[in-house]
Number of protein chains: 2
Amino acid sequence: MKPAQATEQDFADLLARHDVQVTRQRLEVLRELAVEPNDATAQTLWKRLRERSGATIGLATVYRTLSLLSEKRVVDTLAHNEGELCYRLCGETHHHHLVCANCHRVIEIDEQGLSDWLERVFAKHDFLATAHTVELTGLCSDCRK
Amino acid sequence: MKPAQATEQDFADLLARHDVQVTRQRLEVLRELAVEPNDATAQTLWKRLRERSGATIGLATVYRTLSLLSEKRVVDTLAHNEGELCYRLCGETHHHHLVCANCHRVIEIDEQGLSDWLERVFAKHDFLATAHTVELTGLCSDCRK
DNA sequence: GTGATAACGAGAATCATTCTCACCGCAATC
DNA sequence: GATTGCGGTGAGAATGATTCTCGTTATCAC
Ligand SMILES: [Zn+2]
Ligand SMILES: [Zn+2]
Ligand SMILES: [Zn+2]
Ligand SMILES: [Zn+2]
């Protein structure tokens, strides 16, 4: 779904599959997310949408859309930016993120091994697991040169 | 250090050990953190400090102090509150947090096993690790009854 | 003590996010 | 074809946590 060459129909299907009504604005937000290889803030996406196509879309609509899409598990939110959220159109299976502190490159992590550890910790403290966030930050090889 | 019966001298030592100058306000913030078993926001701590001893301490000072203490690794910050940070006076060794989504009980996690996984992931993608956040959320046994 | 420096307090400023509300688009109904 | 219902939208105001400013004050080495 990430590929930038996804068609409008692909996006409409994606929304429908997650019980989200299709609107022009929601499609535009998705299209903008799809061409972003890393992540982007609501503010950034809004500015791009305005500039790119002179599209008339409200800031509040961008926030509403992202928050809805996040709730419906269509996009992921990353919190590595301290003070504002970032959004990303990711793969559909559960994963975590590895972010370069310098160039903000985002890599999806789906390694095995973590879930065992998680399960053990929740069990040991007699907690019923409801959520977890794991965010890894580092310097990618390009940024170390 | 967490025990609420820590003396003023203990707090002064703690600050000195982390290269933080001792002031009345910083001691008051520490004392307030020490009697909080879980975590607290800057706003909350400020209100308590004002009410408790009618202490005259500025909100900006509470923010400055917490941010300094966090930078100097005297307190931990938790981000599970979406929109504001929580602070906690924790143990001095590296650990993570398990938080009850209902009663906000905080448990420090120092299980082994995670760091191996982390190292492997960073290495596999040729990243130089600089930081990581792991926050587990669940329901504690009391809150499931 | 004295002076240099760092910390404070109060209130203003910032800035991401959310709220309000009048208006619009679309679909089902008359 | 007009009407009505309703969720979605846009613009701007409101919110609220955090940071900044600046005149004042505490701290510390000498
Ligand atoms: Zn996971
Ligand atoms: Zn990089
Ligand atoms: Zn760790
Ligand atoms: Zn609980």
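Naming convention: chains lettered A, B, ... in sequence-line order (proteins, then strands); numbering from 1 in each chain.
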Proximity to the side chain of [X] - top-ranked nucleotide from [options]:
X	options	result
B:Thr61	D:dT19, C:dC8, D:dT9	C:dC8
B:Thr56	C:dA10, C:dT17, C:dC8	C:dA10
B:Ala60	D:dT18, C:dA16, D:dC20	D:dC20
A:Gln21	D:dG7, C:dT18, C:dG9	D:dG7
A:Gln43	C:dG9, C:dT17, C:dC8	C:dT17

Interatomic distance, B:Tyr87 OH vs D:dA17 P [rounded to whole Å]: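 It is 13 Å, rounded to the nearest whole Å.
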Upstream residue (5' side of DNA chain D) when B:Val22 and B:Leu85 are each assigned their closest nucleotide: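 Checking each residue's closest nucleotide, the 5'-ward one belongs to B:Leu85.
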Within residues 71-82 of chain A, residues whose heavy atoms come under 4.0 Å of DNA chain C: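 Within residues 71-82 of chain A, no residue comes under 4.0 Å of DNA chain C.
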Phosphate oxygens OP1/OP2 of [N]: is one of them under 4.0 Å from a side-chain N or O of [X]?
X	N	result
B:Arg26	C:dA7	yes
A:Gln25	D:dT9	yes
A:Tyr63	C:dT17	yes
A:Thr23	D:dT9	yes

Sugar-phosphate, base or nothing in reach of A:Leu59, heavy atoms under 4.0 Å: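 Here A:Leu59 touches the bases of the nucleic acid.
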Test: A:Glu32 and A:Arg52 ion pair at under 4.0 Å: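 The answer is yes: the pair qualifies as a salt bridge.
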